[in-house]
Amino acid sequence: VSVQSSPATAPRRVLALDAADPHAHRRSAFQLDDDVVYMDGNSLGPLPLGARARIRQVVDNEWGCDLIRSWNTNDWINLPRRVGDRIGELIGAAPGQVVAGDSTSVCLFKLAAAAVQAQRGRSRLVTDTTNFPTDLYGLDGLARLDPSIEVVRVPPEAVLDAVDRETSLLVLSHIDYRSGAMRDLRTVTAAAHACGALTLWDLSHSVGAVPVALDADGADLAVGCTYKYLNGGPGAPAFAYVAARLHESMPPALRGWMGHRAPFALDEAFSPAAGARRYSCGTPEVLGLSVLDAALDVFTGVDMGTLRDKTARMSELFIELVEEHGHEHGLALVSPRNPAQRGSHVALEHPHAYPIMQALIARGVIGDFRAPNLMRFGFAPLYQSYADVWRAAQSLRDVLMSRAWDDESFKRIAFVT
Ligand SMILES: Cc1ncc(COP(=O)(O)O)c(C=O)c1O
């Protein structure tokens, strides 16, 4: 079943926003059906056409024909650094400080472990209770390896009070995966530094979505996903940022030959590579990194500030339209109302969030559900129009008014939600 309200029926003011949108032409860089309103780029970005062409070329030619020679001739070996530097451009990191590879969970663990070693003598790792579960699990796992480490989890508003002179590292998400609330990276980092603590930011919901200025804001460490707003594809490699000033004093804890200065010297002793490459570990994920490299092309020439302006306008429009009818149907806004404090998704709470989202998906409006009762709608200005936003709000209204969600087929909870 496709979206019921056609874009032509969107009000004139919505169509006028699209007509004046400097990003409108970028949608054609993606494979997206016209009858789908895709609002789940906060979970899995859509397929950039250039990425599809690139994977074919890598498989057919670079792997298929050039075989092992490609490590040199097609520069496979430098993909983690090259792709890392391209991600760095989107998060305000000068070259040589970002490496791509591994998952966000692994990157978080390896940077936290290195930071804790570098901060020996300080025993506390501070995080907040709303951090993404994989981040919490990783920190707990680290503490089990070293009984002198204590993980302190506090409510989000108590984080700065919990950082003290015993704190080695403060680990936070820049944008909360549930509410979309965004922290002030510069202020929090400065407060942690005042106690001598380092910071490790999870940028999974920030990279490619909001302007980030890691170097300028004095950040220490960061990690993030690339399958969300960077459209790198399912399971795309993550990235790790380590500020250049820390490279010497913070040797990698998880060591592998790809972090060695000369992997093919096959030395018995580990000698770290220059720059963030030292934090690489195993063989680069060539297929995933190549797709990600091509996916990043859609950001060429994109100013993150103007992208963010469109996100703010789209999410404001969505909230306004939803709130025209939402309260009477039991919907509540969970995200901050102030767009400056909100990342790129809007979270709505409803006791029947799961079947409502399934009914929306059946109508071609794809968002997602997060337990226990949240619907998330992601805003990605590269491929969404204001008419899409209007269609999503209309469909939500239809589903609620008709109670279309109250159907057994929408209530069966899948393993992946
Ligand atoms: C904030 C955040 N951190 C980490 C992850 C997990 O990343 P990965 O699966 O690459 O380990 C996610 C996944 O959605 C996330 O939203």
Side-chain angles (χ1 to χ4, degrees), residues 39-46 80 83-84 87 91 98-113 125 127-142 153 156 159 169-183 185 188 199-210 212 214 219 221-241 254 279-282 284-285 287-289 291-292 295 334-335 342-347 366-371 374-380 414-417:
M39 305 197 75
D40 212 1
N42 48 296
S43 224
L44 175 72
V83 174
I87 295 169
I91 50 176
V98 180
V99 272
D102 301 320
S103 62
T104 306
S105 308
V106 171
C107 288
L108 184 110
F109 187 87
K110 66 183 181 182
L111 294 195
L125 270 171
T127 187
D128 74 27
T129 46
T130 59
N131 207 346
F132 192 75
T134 209
D135 302 33
L136 301 177
Y137 306 156
L139 299 181
D140 284 346
L142 187 56
R153 281 189 202 178
V159 156
L169 184 65
L170 172 62
V171 184
L172 294 175
S173 286
H174 181 222
I175 293 174
D176 185 282
Y177 76 101
R178 271 187 287 231
S179 68
M182 181 163 63
R183 287 188 183 273
L185 193 146
V188 174
T199 51
L200 168 46
W201 291 97
D202 185 333
L203 301 180
S204 293
H205 291 269
S206 316
V207 61
V210 299
V212 179
L214 291 181
L221 313 167
V223 297
C225 297
T226 68
Y227 46 77
K228 302 177 187 292
Y229 296 102
L230 294 187
N231 315 303
F239 66 90
Y241 161 91
L254 186 65
Y279 305 103
S280 282
C281 195
E285 304 95 325
L287 302 182
L289 287 167
V291 169
L292 174 57
V334 168
S335 302
R342 201 165 64 221
S344 244
H345 69 267
V346 166
I366 305 181
D368 67 16
F369 163 82
R370 282 294 170 264
L374 284 191
M375 285 179 271
R376 294 189 306 184
F377 296 87
F379 296 88
F415 185 77
V416 178
T417 64

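Order of appearance sets the numbers: ligands from 1, and atoms from 1 within every ligand.
- We find the OG-CD1 distance between Ser204 and Ile175 to be 10.0 Å, quoted to the nearest 0.5 Å.
- In this structure, Val210 and Tyr229 have side chains that are not in contact, with every pair of non-hydrogen atoms separated by 4.5 Å or more.
- Near ligand 1, Ser103, Thr104, Ser105, Phe132, Thr134, Asp135, Asp202, Ser204, His205, Cys225, Tyr227, Lys228 each place a heavy atom less than 4.0 angstrom from the ligand.
- No side-chain heavy atom of Tyr241 sits less than 4.5 Å from a side-chain heavy atom of Val223.
- Interatomic distance, OH of Tyr227 versus OG of Ser103, reported as 8.0 Å (0.5 Å rounding).
- For the pair Asp128/Asp176, no side-chain contact is recorded, criterion being any heavy-atom separation below 4.5 Å from C-beta on.
- Screening Met182, His174, His345 for a side chain to side chain contact (heavy atoms under 4.5 Å, CB included) involving His205 leaves a single residue, His345.
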